[in-house]
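Naming: A, B, ... by sequence-line order, numbering from 1 per chain. Please read all numbers here as calculations on a predicted model, not as lab measurements.
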There are 2 protein chains.
Amino acid sequence: MRRDVFHAVADPTRRAIITLIAQKAMTPNAIAEHFETSRQAVSKHLRILSECMLLKQKQQGREIYYQLEVKKMREIVHWLDQFRALWEKRFNQLDTVLTTMKNKKS
Amino acid sequence: MRRDVFHAVADPTRRAIITLIAQKAMTPNAIAEHFETSRQAVSKHLRILSECMLLKQKQQGREIYYQLEVKKMREIVHWLDQFRALWEKRFNQLDTVLTTMKNKKS
DNA sequence: TATAAGCGCAACTAATCGGTTTCGCAAGGG
DNA sequence: CCCTTGCGAAACCGATTAGTTGCGCTTATA
């Protein structure tokens, strides 16, 4: 069983849930109302998100409020950092080309 | 069959392949040498990456060189942008709003 | 106190996943 | 010309997935 942020984010419904509970804590029922799926399906997604360490939860009577552990999302950003240089290199190269053209003109 | 960048990135082997072919184009065999798995398994991953529009390929004789379409990775970055403001919450709300406005402009 | 609401958990199902094995085809090399 | 090499595609396998249905526990409410 693979449980990491990348797995959490792979499913589109899960991404929608993540976006939903990023701003404010919500109960499973409240979340389920935003989708076509059942409360139980949402609950399963919440369990996965929880196993991926992506959730903060707070019991309030018989209701459980779930909110996103936003910091955890930065793990994806960190992995993506290795590519940032590559797609910025394109701009740098373009800059070089432009500079060269400009210099040749003058 | 769900084929998007998030699906591509969900598998750890696929992430390793992505990292590998980000810098320079490689043949399936050359890629497979970096892992425990077979050439065929790598080929399957390449097919998936290709369906996710993450590959550039170039035939050279009987060899096929695959390289990462780095730009496509930015789709993940764009999705993550919605959380950036949330984990930079150490600023007060006005600062966050101003930063968001500034980033959207540039 | 009886009933309803909110929830997690377990069992089940069809679909999909990552991997292997096998095959066929095209391109080099002796 | 044959043999090897590099590759994709298909068939198959066990494991995992996302979803459903049904259950039982706890908490609120009439």
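- B:E51 has a carboxylate O that lies under 4.0 Å from a charged side-chain N of B:R47, or vice versa, which qualifies the two as a salt bridge.
- In this entry the distance linking CD of B:E51 with P of C:dC17 reads 9 Å, nearest Å.
- Taking a cutoff of 4.0 Å between a charged side-chain nitrogen and a carboxylate oxygen, B:R74 and B:D81 do not qualify as a salt bridge.
- The closest donor-acceptor contact from the side chain of B:R14 to the backbone of B:H7 lies under 3.5 Å.
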**Message:** The test is side chain to side chain donor-acceptor pair (under 3.5 Å); show your working for A:Y65 and A:E63 and say whether it passes.
**Reply:** CA-CA 7 Å; A:Y65 284 85; A:E63 293 180 330; 3.2 Å; yes
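- Ionic pairing of A:R15 and B:D4 is present here: one or more N-O contacts between side-chain nitrogen and carboxylate oxygen are shorter than 4.0 angstrom.
- Contacts between residues 38-50 of chain B and DNA chain D, defined by a heavy-atom separation below 4.0 Å, involve B:R39, B:Q40, B:S43, B:R47, listed by number.
- In this structure, A:F35 atom CZ and D:dT20 atom P are separated by 13 Å, rounded to whole Å.
- Remark: the backbone N or O of A:R84 is not paired with any side-chain donor or acceptor of A:Q82 at under 3.5 angstrom.
- Taking the side chain of A:T37 as heavy atoms from C-beta on, and the options D:dT17, D:dT20, D:dG8, the nearest nucleotide is D:dT20.
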**Item:** Per-nucleotide protein contact string for nucleotides 25-30 of chain D (B base, S sugar-phosphate only, - none; heavy atom under 4.0 Å)
**Value:** --BS--
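- The distance between atom CZ of A:F6 and atom C1' of C:dG18, rounded to the nearest whole Å, is 19 Å.
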Show me the donor-acceptor pairs within less than 3.5 Å that the side chains of residues 34-44 of chain A make with the rest of the protein, sequence neighbours left out.
{"unit_1": "A:H34", "atom_1": "ND1", "unit_2": "A:A30", "atom_2": "O", "d": "3.0"}
{"unit_1": "A:S38", "atom_1": "OG", "unit_2": "A:A41", "atom_2": "N", "d": "3.2"}

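- Looking at heavy atoms from C-beta onward, B:K56 lies out of side-chain contact with B:K72 at the 4.5 angstrom threshold.
- Put simply, NZ on A:K58 is 14 Å from P on C:dC7, counting in whole angstrom units.
- Dashed line: the shortest gap from a side-chain N or O of B:H7 to OP1 or OP2 of C:dT16 is not under 4.0 Å.
- Here the side chain of A:Q67 pairs no donor or acceptor atom with the backbone of A:E69 at under 3.5 angstrom.
- Using a 4.0 Å cut-off, no side-chain N or O of A:N29 falls inside it from OP1 or OP2 of C:dA5.
- Summarising the geometry, the separation between CG on A:D4 and C1' on D:dT16 is reported as 14 Å, rounded to the nearest angstrom.
- OP1 or OP2 of C:dC17 has at least one side-chain nitrogen or oxygen of B:R3 nearer than 4.0 Å.
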